[in-house]
Amino acid sequence: MPLTTLTFERFLVYELRPEVKLPFQFVLCLSTTASNYRHEVKNISFLPIIGAGRYADNDPYRVPLMPRPQGSTRLLTRMYVAVDAIQSLGKAAFLPADLGRITAAEEREVREKLGSWLGL
């Protein structure tokens, strides 16, 4: 099994390994493994981070993530969290380092839109 991160944290950005063939490369983690033993956690729940489409700014279920210096992650371009696309993958699908935590304002917007989409 390839190396994986020791722990996963909510609202951190992770990158998928190149051999994982999905239409996105980055994800926003919704799971936390901080209070679990590494071997107990098999899957990580996440929201895909996608490129900006034509209507992304007007989509009620997209949250923009800004690249540095305005944002706090190591994303290179403006991208969007797709809050209506929750997924899970085995933890070995992720590279062994995170790309940073989203800003407090971005996290608040993700929580609000995800809660709205789930009806919470």
Kindly give the heavy-atom pair with the smallest separation between L47 and A82, and that separation in Å.
CD2-O, 3.6 Å
Give me the atom names and distance for the closest heavy-atom approach of Q87 to P48.
NE2-CG, 3.4 Å
Same hydrophobic cluster for V110 and M66, using side-chain heavy-atom links shorter than 4.5 Å among ILVMFWY?
no
Same apolar cluster (I L V M F W Y, side chains within < 4.5 Å links), L118/L28
yes
Test side-chain hydrogen bond (donor to acceptor under 3.5 Å, both in side chains) on S88 and S45; report intermediate values, then the result.
CA-CA 4 Å; S88 293; S45 297; 3.0 Å; yes
Residue pair F46 / I86, side-chain heavy-atom distance below 4.5 Å:
no
Would a line drawn from the ring center of F94 to the ring center of F8 be shorter than 6.0 Å?
yes
Under 6.0 Å between ring centres: does that hold for Y14 and F26?
no
Output all residues satisfying side chain to side chain donor-acceptor pair (under 3.5 Å) with D84, sequence neighbours left out; order by chain, then residue number.
R62
F11 CZ to D98 CG distance, which is reported to the nearest 0.5 Å:
14.5 Å
Kindly write out the residues that satisfy side-chain contact (heavy atoms from CB on, under 4.5 Å) with P64, not counting sequence neighbours, or none if the list is empty.
R78, Y80, E109
Those residues at least two apart in sequence (or on a different chain) that pass side chain to side chain donor-acceptor pair (under 3.5 Å) with E107 are R111
State which residues pass salt bridge (charged side-chain N to carboxylate O under 4.0 Å, His left out) with R108; sequence neighbours excluded, sorted by chain then number.
none
Looking at residues at least two apart in the chain, or sitting in another chain, which of them share a side-chain contact (heavy atoms from CB on, under 4.5 Å) with L76?
none
Closest heavy-atom pair, K91 versus I44, reported as atoms and distance to 0.1 Å, is CB-CG1, 3.8 Å
Which heavy atom of T103 sits nearest a heavy atom of S72, and at what distance?
N-OG, 3.3 Å
For S31, check side chain to side chain donor-acceptor pair (under 3.5 Å) against everything at least two apart and list the hits.
none
I'd like to check the side chain to side chain donor-acceptor pair (under 3.5 Å) partners of E112; sequence neighbours left out, ordered by chain and number.
none
For the backbone of R101 and the side chain of E106, can you confirm whether one donor and one acceptor N or O come within less than 3.5 Å of each other?
no
Following the transitive rule for hydrophobic clusters with a side-chain heavy-atom cut-off under 4.5 Å over Ile, Leu, Val, Met, Phe, Trp and Tyr, establish whether V81 and L99 coincide in one cluster.
yes
Mind checking what makes salt bridge (charged side-chain N to carboxylate O under 4.0 Å, His left out) contact with R10, not counting sequence neighbours?
none
Side chain to side chain contact (heavy atoms under 4.5 Å, CB included) with E15: which of V20, V27, L95?
L95
side-chain contact (heavy atoms from CB on, under 4.5 Å) with T73: which residues, sequence neighbours excluded?
V13, L75, I102
